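I have placed the structure first, in the form of structure tokens, so that the comments after it can refer back to it.
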2 protein chains.
Amino acid sequence: MPASLPPLTALRAFEATARHLSMKKAANELNVTAAAISHQIQFLEEQLGVRLFHRRNRRIELTELAQSCLPMLRDGFEQLRQAVDHIRNQRAADVLTVGASPSLASRWLMPRLHRFVLLHPEIDVRVSTQMRQFTRLPSGSRGDFESVIQWADEVDLLAVFGNGHYPGMQIDQLLPLEITPLCSPALLAAGPRLKKPTDLTAHTLLHDDRGMLYEGRSFWERWLDAAGIRHPAVASGPHFTHSVLAIEAALAGLGIVATTPALVSGELARGTLVAPFALRVALPSGYFLVSNPLAARRSVVGVFRAWLLDEARQEHAAPGSIA
Amino acid sequence: MPASLPPLTALRAFEATARHLSMKKAANELNVTAAAISHQIQFLEEQLGVRLFHRRNRRIELTELAQSCLPMLRDGFEQLRQAVDHIRNQRAADVLTVGASPSLASRWLMPRLHRFVLLHPEIDVRVSTQMRQFTRLPSGSRGDFESVIQWADEVDLLAVFGNGHYPGMQIDQLLPLEITPLCSPALLAAGPRLKKPTDLTAHTLLHDDRGMLYEGRSFWERWLDAAGIRHPAVASGPHFTHSVLAIEAALAGLGIVATTPALVSGELARGTLVAPFALRVALPSGYFLVSNPLAARRSVVGVFRAWLLDEARQEHAAPGSIA
DNA sequence: GTCAATCATGAATTCATTTCATCCGTGGGG
DNA sequence: CCCCACGGATGAAATGAATTCATGATTGAC
């Protein structure tokens, strides 16, 4: 509803000229010829029906009216400049915003990030994690899909758990989804015996509910199926909406969790967490890098993605170690 | 020196769209098609390398980043709008700014202005008077010329004393310059006799110095010449840089002034000032209406000019009366 | 289920902006 | 004191940015 403004090009030409009190300098600043400025100012004067400059011999002087509105004009453009700067700073060449789901961020990305920072100290990496993706949504629903798309639009690079199908986005698989039971060595030593998968019936099962969200079946069901056994109470035991919580529980010796070993490679290497069985079950879902087409073009994004994929490759080549 | 802004058209399209959360409405506001808005926003996103909107089914949502810079953007455009409004209000269709030299304003224009206001109550007439024209400048100098031109650029209509030669301006002669001696009736009654021009030698001469400025000779010299007499001390007596001051002195009975009777038609009609001699000397200078080409096009200017000229015509037809 | 509403998209078009070439007048250096 | 280089004005031509048009896709609403 704002009253219509005169062409902004003309306004800007006027502002610059008034600031320099010189069309030539204004032209210089705006990277056009002096003729363009002269035309623009005459056009503006025409539009407003007001003289803005007194034409002197080889110089110009501001009209009173022009003088009086100049501060407002300058402030206006200054505000616009700030607004644009605000955006540009967020996307400055050396600023990289990475989004990751909470578990991946805290258990995989953050432990490795310091190495990237050492490698590229000039890049300002900002990690943003949020859980809107993980609020209870029907598996593979539009809602989940859209929240990923939306998030990917907000950051340069998004690392999330999903099915890898995000049309219009640039996608790389970061880690394939493998699951295997994990528990603390203390539990293994002091608890009921745990030699064969069937021994699991005597243990507390900790549930990482991502499986329910993305696969329609729990991780435990999948793994036990693959192991060829049936568990009488496969859904019993504590449930966690985030992998990281289930993992913490396992670390505390509260039970056995079926989840992605890649998320605990540090613990596996240190022995604070162990995988009692060799069987790893690959599932169709996985961790993916998602990047919107705009961000994908940025060079820092390319650098970081390459580094991430390399890290993941090493992870896969030497599972259970953080190299 | 301000960092370069993205094309302002795109910024404005974004601002409007963000405000309405609708491209269609924004398009409506800006009098373009929705397609134009869509293009502009995509272009801006391209430029900044940032998504500004999440595209939903039939609606759009602001990106966090867009959200955060929107207030600044709005303020910026609001400032610009105010700046332009400031100018436009000064030149609103019903606002008329008239400039006049101090003497003409106070002794001729103002006494008549109320009639115009009664005639056109819808017009907001603003009178601006200033004396930069009357600072001591060589007669007919560039400085004087330029100050008139400059003033004429600041107002809609300028009524000044001068030679009527202002190239590029629209000119009308308001009043021809006639001079005649004037004094208070008291002085005429109680002072030395004043029947013939030669009697003037016994009186104090009050000098309106405009004559020196514009004609190179004082008004008294011109009049005495035309009267065919020589005055031994034609430059003696008080000098005034403004007619109005010399006239006030004459009203106070301090002496006799040679000046424009049109400036004192009210006093002449009332008898508070009298012209002892019938001889009126016409000089080449006069009062002119000057109007810059931009202002000259405005209809209120035309109305006011016509009225002024009519007033002046009546003045001339019935000298010594304010009708 | 169908319709209407909203946004996307690409080619064509319009027209705003800029440049080019030239002119003008003078202020200041030689 | 003279002249020329500088800053601005100007009009036609060229450029290219902004807009429209025509069409498609998708879905929310009735």
Side-chain angles (χ1 to χ4, degrees), chain A residues 4-14 16-47 51-63 66 141-143 145-146 149-150 153 167-168 292-294, chain B residues 4-18 20-47 51-63 66 141-143 145-146 149-150 153 167-168 292-294:
Chain A
S4 74
L5 285 169
L8 297 173
T9 322
L11 272 191
R12 187 172 41 173
F14 165 56
T17 306
R19 185 149 30 79
H20 295 297
L21 278 180
S22 156
M23 295 193 183
K24 188 164 223 184
K25 288 179 188 161
N28 222 45
E29 174 181 319
L30 300 177
N31 299 310
V32 292
T33 55
I37 299 289
S38 178
H39 283 305
Q40 287 294 329
I41 288 185
Q42 281 181 61
F43 173 67
L44 188 59
E45 289 181 327
E46 195 80 4
Q47 278 269 317
R51 270 224 175 285
L52 296 169
F53 292 101
H54 300 298
R55 270 66 168 188
R56 287 296 148 73
N57 305 327
R58 292 167 49 183
R59 81 207 143 85
I60 51 180
E61 261 175 43
L62 279 167
T63 277
S141 71
R142 282 219 70 61
F145 173 78
E146 289 208 331
I149 297 284
Q150 171 158 345
D153 275 346
N292 71 69
L294 248 32
Chain B
S4 74
L5 286 169
L8 297 173
T9 322
L11 272 190
R12 186 172 40 172
F14 166 54
E15 190 274 336
T17 306
H20 292 126
L21 279 181
S22 155
M23 295 195 186
K24 187 164 224 184
K25 287 179 188 161
N28 221 44
E29 174 182 320
L30 300 176
N31 298 311
V32 292
T33 57
I37 299 289
S38 178
H39 284 304
Q40 287 293 329
I41 287 184
Q42 281 182 62
F43 173 67
L44 188 59
E45 288 181 328
E46 196 80 4
Q47 278 269 318
R51 272 224 174 286
L52 297 169
F53 293 101
H54 299 297
R55 269 65 167 191
R56 288 295 150 73
N57 308 326
R58 291 167 47 186
R59 80 206 144 86
I60 51 181
E61 260 175 42
L62 279 167
T63 274
S141 70
R142 284 219 68 60
F145 172 79
E146 289 209 329
I149 298 286
Q150 172 157 344
D153 275 346
N292 71 69
L294 248 32

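By convention in this document, chain letters (A, B, ...) are assigned in the order of the sequence lines, proteins followed by strands, and residues within each chain are numbered from 1. Note that this is a predicted model, so its numbers are computed, not measured.
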### Whole-Å gap separating C1' (C:dA5) and NZ (B:Lys25)
12 Å
#### Entry: Heavy-atom pair with the smallest gap, counting every atom of A:Leu11 and A:Pro6
CG-CG, 4.1 Å
### Query
Rounded to the Å, how far apart are B:Gln42 CD and D:dA18 P?
14 Å
### Message
Nearest whole Å is fine: how far is D:dA5 P from A:Lys24 NZ?
### Response
12 Å
### Task
Could you pull out all residues at least two apart from A:Asn292 that satisfy side chain to side chain donor-acceptor pair (under 3.5 Å)?
none
### Query
How many Å lie between CD on B:Glu46 and P on D:dA17, as a whole number?
14 Å
### Task
Check the distance between D:dG7's P and A:Ile41's CD1 and give it to me in whole angstrom.
15 Å
#### Entry: Sequence-distant partners of A:Ser38, side chain to side chain contact (heavy atoms under 4.5 Å, CB included), two or more places apart
A:Met23, A:Gln42
### Query
Between the main-chain N or O of A:Pro7 and the side-chain N or O of A:Gln47, is there a donor-acceptor pair closer than 3.5 Å?
no
#### Entry: Residues in ring pair (Phe, Tyr, Trp, His ring centres under 6.0 Å) contact with A:Phe43, at least two apart in sequence or another chain
none
### Message
From CZ of B:Arg55 over to P of D:dT27, roughly how many Å is that when rounded to an integer?
### Response
16 Å
### Query
CG of B:Leu44 versus C1' of D:dA17: gap in Å, rounded?
15 Å
### Task
Could you pick out which residue, B:Pro7 or A:Met23, lies toward the 5' side of DNA chain D when each is mapped onto its nearest nucleotide?
A:Met23
### Query
In whole Å, what is the span from the CZ atom of B:Arg59 to the P atom of C:dA8?
13 Å
### Query
If you look at every heavy atom in B:Leu44 and B:Phe14, which pair is closest and at what distance?
CD2-CB, 3.6 Å
### Task
Ignoring hydrogens and angles, tell me if any N or O in the side chain of A:Arg56 forms a donor-acceptor pair with the backbone of A:His54 under 3.5 Å.
no
### Query
Distance check: side-chain N/O of B:Arg56 vs OP1/OP2 of C:dC7, anything under 4.0 Å?
no
Grab the N/O contacts between the protein and nucleotides 28-30 of chain C below 3.5 Å, and write none if there aren't any.
none

Output a table of nitrogen or oxygen pairs between the protein and nucleotides 19-25 of chain D separated by less than 3.5 Å.
unit_1: D:dT19; atom_1: OP2; unit_2: B:Gln40; atom_2: NE2; d: 3.3
unit_1: D:dT20; atom_1: OP2; unit_2: B:Thr33; atom_2: N; d: 2.5
unit_1: D:dT20; atom_1: OP2; unit_2: B:Thr33; atom_2: OG1; d: 2.7
unit_1: D:dT20; atom_1: O4; unit_2: B:His39; atom_2: NE2; d: 3.1

### Task
Apply side chain to side chain donor-acceptor pair (under 3.5 Å) to A:Arg12 and list each qualifying residue two or more places apart in sequence or on a separate chain.
none
### Query
Would you find a donor on one side and an acceptor on the other, under 3.5 Å apart, between the side chain of A:Thr17 and the backbone of A:Ala26?
no
